[in-house]
Amino acid sequence: MRTAQLTVDVRMLTFVFNMASSVWSERILQLLRRMNNFHSAGSSRSRCFRFEIDGAQVGWIPPHAASLLTAHTDVFLPPQGGAVSLCPSLDSYEKRSEAVNDVLEALRQQSSLTCLRGWRDERYSVKQRFCDVPLMWMERAATSIFGVKRYGVHINGYTVNGSGEISMWLARRSVTKQTYPGLLDNMAAGGLAADVGIKHTLIKECEEEACIPADIAVKASPVSTVSYTYEDEEGVFPESQFVFDLELPVDFVPRVGDGEVQDFYLLPIDKVKELLATDDFKPNSAMVILDFLIRHSLIKPDTEPYYQEFVTGLHQTL
């Protein structure tokens, strides 16, 4: 009788575990679909205009923005063949950058382009591929209007105890942040500004956000990239994050630096995994940590039915 009851109990526990695992997997799949919604059949992609410079496509301009931009006939040519191009007279990095920026400064006064309210005075490079020479720079807040690719650096800060158990440092974003205020985030991360290197950005963000000394930050290993493209009411966001893993001493504690973070937490990796499937996480940072879980064999193809979908969803490029 006791054996029969024990068998029933084990089966029930297995059922409950599998159900919880299934819910987690479905939520992660939803996250990846949301962050790649520009690839979906119902997206605005078929209605967007290609943004071209010297015949090279560098972005996607949503329909609502195209008419506002092409009204500036001294900078943009009328749409032709599904593309919006800069005037041929803008034949240098400096001319293109300054002319487009003048248009954007004027458009800042128009409430229809809400993304420009978050003007940051940060310059991002515009180019077809990361390895290409930049064709111009653009204000960060405007990049979604043109759908140009943005790059960033994300650092997974983690520890390994004597028993081999992994814990990860998470940051809680300040409630005053322009984007995703108050949500959980990687220990440190930041956008890649024009003319600034990846390693320099890594060291700067570690120091500014988490007070991690350069001699520790420089030990971070480049391990992956995570790429995705989503759209919302502000435009198109093709993004690619350079991912670094930084194993920290078990007694090291990051500290709040420039005010972009309000707190840090060291959590067991199972708890971190659980949190990824909640609304408490900045979406692209959840993707970066999902990539960490896969690379460290904390998610395995034998036990995760959506393993292949997860890997594909982390590396979607246009």
Side-chain angles (χ1 to χ4, degrees), residues 23-24 26-37 114-122 124 139-144 150-159 167-193 201-202 204-212 217 226 228-235 237 239 241-244 246 248 252-293 313-314:
V23 169
W24 183 90
E26 289 288 348
R27 287 179 177 171
I28 294 298
L29 201 58
Q30 290 171 16
L31 164 70
L32 295 173
R33 287 171 178 164
R34 186 169 76 251
M35 293 300 287
N36 284 293
N37 65 6
T114 56
C115 61
L116 296 183
R117 298 175 190 170
W119 196 276
R120 301 190 183 205
D121 286 319
E122 292 183 36
Y124 274 23
E139 157 62 33
R140 175 177 178 173
T143 53
S144 61
R150 313 196 306 184
Y151 297 89
V153 176
H154 281 240
I155 301 98
N156 294 307
Y158 69 101
T159 62
S167 296
M168 180 173 281
W169 282 103
L170 300 182
R172 173 76 69 184
R173 293 165 69 84
S174 168
V175 294
T176 61
K177 286 282 288 182
Q178 287 186 9
T179 56
Y180 304 104
L183 294 189
L184 292 171
D185 202 345
N186 286 115
M187 180 186 67
L192 200 58
T201 301
L202 161 77
K204 178 177 75 72
E205 295 298 337
C206 281
E207 185 174 17
E208 290 179 354
E209 293 187 355
C211 297
I212 299 172
V226 169
Y228 48 90
T229 305
Y230 68 95
E231 65 174 348
D232 61 22
E233 65 280 357
E234 294 191 346
F237 296 81
E239 298 185 342
Q241 310 299 338
F242 290 94
V243 180
F244 288 77
L246 176 59
L248 293 162
F252 180 84
V253 179
R255 293 181 292 108
V256 173
D258 58 10
E260 294 194 2
V261 171
Q262 65 181 15
D263 209 348
F264 289 100
Y265 314 101
L266 181 64
L267 300 176
I269 200 66
D270 286 344
K271 180 62 178 178
V272 174
K273 179 182 176 182
E274 177 188 326
L275 288 168
L276 292 189
T278 70
D279 294 331
D280 199 28
F281 231 106
K282 184 170 178 276
N284 67 339
S285 300
M287 293 175 71
V288 169
I289 294 176
L290 176 65
D291 174 71
F292 178 94
L293 296 175
L314 293 171

Please tabulate, for side-chain N and O atoms in residues 253-269, each donor-acceptor pair with protein atoms closer than 3.5 Å (sequence neighbours left out).
residue	atom	partner	partner atom	Å
D258	OD1	E260	N	3.1
E260	OE1	K177	NZ	3.1

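Side-chain contact check for L32 versus Y228: every heavy-atom pair is 4.5 Å or farther apart. Taking the side chain as every heavy atom from C-beta outward, N156 and V288 approach each other to under 4.5 Å. Side chains of I212 and I155 form no contact here, defined as non-hydrogen atoms less than 4.5 Å apart. Side-chain contact between H154 and N284 is present, with heavy atoms from C-beta onward closer than 4.5 Å. Taking 4.5 Å as the limit, some side-chain heavy atom of L170 sits within range of a side-chain heavy atom of L275. Side-chain contact between P283 and L31 is present, with at least one heavy-atom pair separated by less than 4.5 Å. Annotation: side chain of R120 is in contact with side chain of Q178 (closest heavy-atom distance under 4.5 Å). The shortest distance between side-chain heavy atoms of V23 and R27 falls below 4.5 Å.
Listed by chain and number, the residues in a salt bridge (charged side-chain N to carboxylate O under 4.0 Å, His left out) with K204 are E208 (sequence neighbours excluded). Legend: residues meeting salt bridge (charged side-chain N to carboxylate O under 4.0 Å, His left out) with D280, ordered by chain and number and at least two apart, are R172. The side-chain hydrogen bond (donor to acceptor under 3.5 Å, both in side chains) search around Q30 returns none, not counting sequence neighbours. Checked against salt bridge (charged side-chain N to carboxylate O under 4.0 Å, His left out), E139 has no partners two or more places apart in sequence or in another chain. For Y230, the ring pair (Phe, Tyr, Trp, His ring centres under 6.0 Å) criterion is met by F237, not counting sequence neighbours.
Contact between F281 and I289 at its shortest, heavy atoms only, is CZ-CD1, 3.5 Å. Closest non-hydrogen pair, G152 versus Q241, comes out as CA-OE1, 3.1 Å. The nearest pair of heavy atoms linking M187 to L248 is SD-CD1, 3.6 Å. In this structure, N37 and E231 approach most closely via the heavy-atom pair OD1-N, 2.7 Å. Looking at every heavy atom in both residues, A141 comes nearest to G118 through CB-O, 3.6 Å. Residues W24 and K273 approach most closely at NE1-O, 2.7 Å, considering heavy atoms.
To the nearest 0.5 Å, atom CD of residue E122 and atom CG of residue L192 are 11.0 Å apart. Here the NZ-OG distance, from K271 to S167, works out to 13.0 Å after rounding to the nearest 0.5 Å. Rounded to the nearest 0.5 Å, atoms SG (C115) and CD (E233) are 10.0 Å apart. The distance from atom CG of L290 to atom CG of L314, rounded to the nearest 0.5 Å, is 5.0 Å. A distance of 5.5 Å separates OH in Y158 from CZ in F292, rounded to the nearest 0.5 Å. Annotation: the span from E209 atom CD to N186 atom CG amounts to 9.5 Å, rounded to 0.5 Å.
With hydrogens and angles disregarded, a donor-acceptor distance shorter than 3.5 Å links the side chain of R173 to the backbone of Y180. With hydrogens and angles ignored, the 3.5 Å screen pairs a side-chain donor or acceptor of N36 with a backbone N or O of G313.
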